[in-house]
Amino acid sequence: MNAPGITTPSEFDAASVAADIPLLTYDHEDVGISADKHALIIPPFMHHGKRVHPMPPDSSVPVQPRPMDPKKDLAVYGYGSVAWKERMEEWKKRQNEKIEVVKHEGGNDGGKNGDELDDPDLPKMDEGRQPLWRKLPISPSKINPYRIIIVLRIAVLGLFFHYRILHPVNDAYALWLTSVICEIWFAVSWILDQFPKWCPIERETYLDRLSSRYEKEGKPSELADIDVFVSTVDPMKEPPLITANTVLSILAVDYPVEKVSCYVSDDGAAMLTFEAISETSEFARKWVPFCKKFNIEPRAPEWYFAQKVDYLKDKVDATFIRERRAIKREYEEFKVRINALVAMAQKVPEDGWTMQDGTPWPGNSVRDHPGMIQVFLGQNGIHNIEGNELPRLVYVSREKRPGYEHHKKAGAMNALVRVSAVISNAPYLLNVDCDHYINNSKALREAMCFMMDPTSGKKICYVQFPQRFDGIDRHDRYSNRNVVFFDINMKGLDGIQGPIYVGTGCVFRRQALYGYDAPATKKPPRKTCNCWPKWCCLCCGSRNKNRKVKSGPRKKIKNKDATKQIHALENIEEGIEGIDSEKSWLMSQLKFEKKFGQSAVFIASTLMEDGGILKGATSASLLKEAIHVISCGYEDKTEWGKEVGWIYGSVTEDILTGFKMHCHGWRSVYCMPKRPAFKGSAPINLSDRLHQVLRWALGSVEILLSKHCPIWYGYGCGLKWLERFSYINSVIYPLTSLPLIAYCTLPAVCLLTGKFIVPEISNYASIIFMALFISIAVTSILEMQWGGVGIHDWWRNEQFWVIGGASSHLFALFQGLLKVLAGVNTNFTVTSKAADGGDFAELYLFKWTSLLIPPLTLLIINIIGVIVGVSDAINNGYDSWGPLFGKLFFALWVIVHLYPFLKGVMGKQEGVPTIILVWAILLASIFSLLWVRINPFLSKGGIVLELCGLNCD
């Protein structure tokens with residue numbers, strides 16, 4: 001325990017001494033002790049084979065603290081010095097020897113001392129006591145030059161705008177003013193995007209320490225339970241085979257089977273999905289033992305068998321070769337059955353689908369059906385072919401009725417939160433999209449290294465993994481990998497308060513989803529005793545009637561004394577044990593129902609921080625309660641979607657949900673294992689990709705126009721300023737489409753009119769312009785260096801920033817305004833998760849959509865502008881080429897950025913699509929008429945008649 005007002009040195013963490021060991025206080029230096037004798041005193045925990053507990057603070061024999069002078073260097077007392085480290089190593093060695101003695105004696109006296117050693121209050125030794133992860137800051141040789149360039153770039157921007165504003169172009173004032181406004185907006189957007197990347201970090205986990213601490217040989221695993229959510233809607237656009245592979249990768253994950261539960265949400269109530277999950281559960285009985293027996297990666301069969309590697313390399317075991325061939329045949333038969341179900345589902349019977357017993361399928365009406373739950377694995381003694389237990393697999397389709405708002409994916413996820421709380425109630429949740437399979441079987445263990453860390457785990461609300469994708473063309477034409485965001489921006493956020501939630505591949509703390517505040521950083525003051533809460537005091541044998549409960553987060557009671565349990569069970573239904581007494585006291589039953597809904601079982605589960613189901617509850621009663629909590633009217637007049645669970649109000653519920661958690665004081669963590677934890681599929685077709693970006697941008701506009709906008713929401717809470725900058729940037733970026741389109745139109749206008757946005761450049765202006773271009777280039781190079789991003793990925797990101805900004809972001813802005821201000825709702829399209837017709841067949845498929853009009857227009861008018869400008873220069877002679885170069889560079893900058901778009905609209909065909917020809921002819925005609933109206937071939941002063949000097953007589 002630290003004395004009041006004393007801060008423990010950051011270097012002195014769980015890796016060296018357990019948190020429960022009392023530390024020294026300091027007041028004045030004891031001059032009677034020589035400098036070389038000052039040291040940190042660690043009370044021994046073992047004495048003559050017996051455990052010696054630390055002396056309680058209120059004991060009749062007080063512990064005399066060794067005095068230390070805060071003004072002196074800690075090295076004076078031995079802390080941080082070589083001698084101190086040597087003494088600590090010797091101390092650790094002695095403790096290990098004593099542990100061996102205790103174990104030996106425990107074997108001779110019936111295990112008495114051995115049981116004492118397993119006391120959870122005893123600090124873990126060696127690997128079990130060390131931190132489960134560490135922070136890896138970016139090398140100073142990389143990050144310091146980067147920060148210097150950022151500061152210099154800001155200074156250059158100041159000089160640039162000083163020159164631009166003080167030197168208007170009088171004969172093209174409108175063009176100049178438009179360009180300056182656009183440039184100011186770009187600068188503000190850059191600042192909001194840049195400063196959250198000021199302190200990027202990386203993290204490293206220690207899986208061996210996690211196993212050493214929570215998985216002891218011969219004893220049940222102490223790892224926490226995890227509920228995994230898989231969401232799907234339309235099996236025609238999200239093929240059941242892909243969903244099945246995701247589920248199989250979850251069931252085969254490297255984690256104790258009794259601690260994993262997989263919940264599949266079918267929000268389309270499709271019988272095809274139900275039958276596919278049933279087939280998947282049967283195949284899992286063969287696939288899971290094969291994966292764990294031979295430790296294969298990845299554990300999604302489609303992607304495992306698609307690997308172009310020699311599986312015989314380093315695998316000389318004949319058993320492996322034989323079983324691999326057998327399981328591959330089984331998987332091919334499994335695929336045939338799934339594909340047969342898909343083919344059968346193409347033609348829906350007039351009377352709807354019927355089940356095997358002849359009863360109608362309850363989900364024949366997608367918008368009007370009851371709730372459905374089916375447990376496929378994890379009960380009734382279903383085991384794999386080797387007789388071992390399998391993880392729980394549950395199919396869930398929530399109730400839908402006309403007249404109710406179902407809130408799309410966010411509503412489906414909240415239904416899964418409640419169902420899982422009733423059936424398994426794991427303290428941690430993992431959500432993945434149906435096309436994101438587990439590529440690293442140790443992904444859950446990676447997350448638990450953060451969540452279960454004894455020093456900082458309690459403050460982490462979620463662990464976000466980067467998104468990685470399969471099936472993307474080698475050139476990544478439309479920047480589907482989004483490497484710049486996941487490898488640069490997210491690392492920067494991890495150094496502040498944590499990454500934003502991106503919708504999939506994220507492990508949550510269930511208590512954080514329930515809207516509770518993060519645990520307090522500082523311990524509450526203790527004046528008369530060491531008990532918490534103050535009004536339930538056991539050590540002093542009293543109870544304070546004038547109790548005051550803080551509005552902030554609470555600390556869980558750990559004392560297992562019988563009297564303590566009585567206090568912990570006040571105001572809670574009979575039979576519920578081990579819950580946080582302060583939360584139960586703070587909120588009456590009516591307040592609980594207003595917050596969480598009218599389910600006593602679910603309310604009880606929310607108070608169990610360590611998870612677990614109610615004692616004595618039967619499977620039938622739990623399933624009945626689970627059906628109740630997914631009813632369509634359950635959330636009425638509750639805080640679901642407002643303060644609890646996934647937050648409603650935006651189609652990008654992920655950003656909003658993570659933002660609310662950070663506002664509650666939680667922090668998140670970005671985990672990037674060497675082998676990607678998850679992999680998914682991405683839309684490689686241009687039209688599908690633009691629609692995907694449209695949905696993301698529309699969600700950002702909805703947040704921008706809502707009460708949860710980070711510009712004005714959440715002040716005075718736990719949200720840090722740089723984290724707020726990042727959230728502001730994530731919701732205002734669609735607004736950039738307006739200045740971007742205007743700026744991309746300026747080159748064509750300048751070439752057609754002969755005007756320019758910059759006056760004649762002086763030497764001073766040339767230096768400023770060159771300095772700005774150089775600072776932009778150097779900033780990008782240094783970002784790529786510390787982020788590990790290649791120049792190709794960076795360039796694709798820059799190109800698609802222009803393509804998406806000129807199309808999807810513009811449409812999202814107008815759709816968002818119509819939805820929020822006029823109430824005109826827009827339905828988003830579920831992105832197709834599969835491609836037919838060979839590798840990258842979708843890449844060359846041309847699908848017309850209105851999203852293509854703005855960038856196509858920009859491309860054509862700039863090409864026309866280049867042609868007109870060059871023609872004008874040829875017509876007017878040598879002197880006109882000088883002013884033309886700046887305009888041509890401006891126009892070519894736009895064309896080069898839109899080049900992937902041009903390839904996308906051309907498709908893989910010999911001719912040009914008719915729509916492009918028609919649109920090009922139309923625009924060319926319009927600009928030709930404008931050019932004739934401007935009449936650049938004639939002098940601006942009119943026709944001048946001069947004598948030619950020749951005698952014609």
Let me have the donor-acceptor pairs involving side chains of residues 241-251, under 3.5 Å, with sequence neighbours excluded, atom names and distances please.
unit_1	atom_1	unit_2	atom_2	d
Asn245	OD1	Glu302	N	2.7
Asn245	ND2	Leu241	O	2.8
Asn245	ND2	Tyr331	OH	3.2
Thr246	OG1	Ile242	O	3.2
Thr246	OG1	Cys434	O	2.5
Ser249	OG	Thr246	O	2.6
Ser249	OG	Ile438	N	3.1

Exercise. Would you please test Val375 and Leu393 for side-chain contact (heavy atoms from CB on, under 4.5 Å) and show each step?
Key: CA-CA 6 Å; Val375 181; Leu393 176 60; over 6 Å; no
Practice problem: Output, in order, the C-alpha distance, side-chain angles, deciding distance and verdict of side-chain contact (heavy atoms from CB on, under 4.5 Å) for Leu851 and Ser687. | Solution: CA-CA 8 Å; Leu851 295 176; Ser687 300; over 6 Å; no
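- Between Ile647 and Ala410, the closest heavy-atom pair is O-CB, 4.3 Å.
- Between the Ser650 side chain and the Thr652 main chain, a donor and an acceptor come within less than 3.5 Å of each other.
- Residues satisfying the side-chain hydrogen bond (donor to acceptor under 3.5 Å, both in side chains) test with Arg796, not counting sequence neighbours, are Gln799.
- With sequence neighbours excluded, the residues that form a side-chain hydrogen bond (donor to acceptor under 3.5 Å, both in side chains) with Ser424 are Asp227, Tyr263.
- A donor atom on one side chain and an acceptor atom on the other are not found under 3.5 Å apart for Ser278 and Ser281.
- For Tyr395, the ring pair (Phe, Tyr, Trp, His ring centres under 6.0 Å) partners at least two apart in sequence or on another chain are Phe274.
- Evaluation of the side-chain contact (heavy atoms from CB on, under 4.5 Å) rule for Pro256 yields Glu215, Ser221, Leu223, Glu258, Lys259, Arg445 as partners, not counting sequence neighbours.
- In this structure, a donor-acceptor pair under 3.5 Å is absent between the side chains of Gln464 and Ser668.
- Under the ring pair (Phe, Tyr, Trp, His ring centres under 6.0 Å) criterion, Tyr514 pairs with Phe596, Phe602, not counting sequence neighbours.
- A salt bridge is absent between Glu330 and Lys328; no separation between the charged side-chain nitrogens and carboxylate oxygens falls under 4.0 Å.
- Summarising the geometry, atom NZ belonging to Lys335 is positioned 15.0 Å from atom CD belonging to Glu279; distances are rounded to the nearest 0.5 Å.
- Checked for salt-bridge contact, Asp267 and Lys400 meet the test: a charged N lies under 4.0 Å from a carboxylate O.
- Listed by chain and number, the residues in a ring pair (Phe, Tyr, Trp, His ring centres under 6.0 Å) with Phe508 are Tyr462, Tyr501, Trp646 (sequence neighbours excluded).
- Each salt bridge (Lys or Arg N to Asp or Glu O under 4.0 Å) pair with one or both residues in residues 618-635, not counting sequence neighbours, appears once here: Arg418-Glu635.
- Annotation: side-chain hydrogen bond (donor to acceptor under 3.5 Å, both in side chains) contacts of Ser261 (sequence neighbours excluded): Arg392.
- Salt-bridge annotation for Lys293 and Glu323: present, with a side-chain N of the basic residue lying under 4.0 Å from a carboxylate O of the acidic one.
- Between Tyr634 and Arg398, the side chains place no donor N or O within less than 3.5 Å of an acceptor N or O (distance only, hydrogens not considered).
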Quiz prompt | Derivation and outcome, side-chain contact (heavy atoms from CB on, under 4.5 Å), residues Phe465 and Met490 | solution = CA-CA 10 Å; Phe465 293 88; Met490 295 289 265; over 6 Å; no
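- Applying the side-chain hydrogen bond (donor to acceptor under 3.5 Å, both in side chains) rule to Asp254 yields the partners Lys442; only residues at least two apart in sequence or on another chain are considered.
- Scored by the ring pair (Phe, Tyr, Trp, His ring centres under 6.0 Å) test, Phe229 finds no partners at all (sequence neighbours excluded).
- The side-chain tip of Arg325 does not point at the ring of Phe320 from less than 6.0 angstrom away and within 45° of straight on.
- Under the 3.5 Å distance criterion, with hydrogens and angles disregarded, no donor-acceptor pair is assigned to the side chains of Ser397 and Asp266.
- Rounded to the nearest 0.5 angstrom, Phe334 CZ and Phe283 CZ are separated by 6.5 Å.
- With respect to Asp433 and Lys409, a salt bridge is recorded, a charged nitrogen being found less than 4.0 Å from a carboxylate O.
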Quiz prompt | side-chain contact (heavy atoms from CB on, under 4.5 Å) between Arg689 and Asn480, worked out | solution = CA-CA 8 Å; Arg689 172 70 167 144; Asn480 282 285; 3.3 Å; yes
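- A ring pair (Phe, Tyr, Trp, His ring centres under 6.0 Å) check over residues 420-452, counting only residues at least two apart or in different chains, returns the pairs Trp133-Phe450, Trp303-Tyr437, His436-Phe469.
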